[in-house]
Amino acid sequence: MSTQVLVAGDGRRPSLGQTLWQGAEGQAVAGVAWDWISLPPGVVAMVDPMALITNLQFLNADGEVLAPMESVLQLNEIVHALPWQHEVQRALGLH
């Protein structure tokens, strides 16, 4: 949905920003957001893979809510599957 560059890096400091991905199914809207950092040479990474923000709630096969640690693992799998790094590089003018 959006990628923002919050700190335009230079030779002394990296670029920093935030990305928000959103999806909809009918009237339900889900989103996940995280902070990223640009490392040389043009590599972007999540600042903290444990600090994802979302409105998603994950359930196990029995319909019970997953513990936070289990949920963050699910969120990281989702983020890993998204082409977010390309979008960040584009926002930074690298593509």
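All values below come from the heavy atoms of this structure, side chains included, with hydrogens, waters and symmetry mates left out. Worth saying up front: this structure is predicted, and the values here are computed from it rather than measured.
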Open item on the list: Taking the side chain as everything from C-beta on, heavy atoms only, tell me whether Val65 gets closer than 4.5 Å to Leu59.
Closed with: yes
Task: Cluster link Val88 to Leu82, ILVMFWY, side chain under 4.5 Å - done: yes
Task: Shortest non-hydrogen contact between Ala8 and Ser15, atoms and distance - done: C-OG, 3.9 Å
- [ ] Measure the CD-OG1 distance between Gln89 and Thr3 for me, rounded to the nearest 0.5 Å.
- [x] 11.0 Å
TODO: Indicate yes or no: at least one non-hydrogen side-chain atom of Trp36 is less than 4.5 angstrom from one of Glu87.
DONE: no
Task: N/O donor-acceptor pair under 3.5 Å between Asn60 side chain and Asp62 backbone - done: yes
Task: Side chain to side chain, Arg13 and Val7, heavy atoms closer than 4.5 Å - done: yes
Open item on the list: Using 0.5 Å steps for rounding, measure from the CD atom of Gln4 to the OG1 atom of Thr19.
Closed with: 8.5 Å
Open item on the list: Hydrophobic clusters here meaning ILVMFWY residues chained together by side-chain heavy-atom distances under 4.5 Å, can you tell me if Val72 and Ile78 are in one?
Closed with: yes
TODO: Only pairs at least two apart or in different chains count here, so list each ring-ring contact (aromatic ring centres under 6.0 Å, His included) that has a residue in residues 63-84.
DONE: Trp34-Trp84
Going by atom type alone, with no hydrogens or angles, which donor-acceptor pairs under 3.5 Å involve a side-chain atom of residues 44-58 and a protein atom two or more places apart or on another chain?
from  : atom 1 : to    : atom 2 : distance (Å)
Asp48 : OD1    : Met50 : N      : 2.9
Thr54 : OG1    : Gly31 : O      : 2.6
Thr54 : OG1    : Leu56 : N      : 3.0
Asn55 : OD1    : Gly31 : N      : 2.8
Asn55 : ND2    : Val29 : O      : 2.9

Open item on the list: Working to the nearest 0.5 angstrom, can you tell me the gap between Leu92 CG and Ser38 OG?
Closed with: 5.0 Å
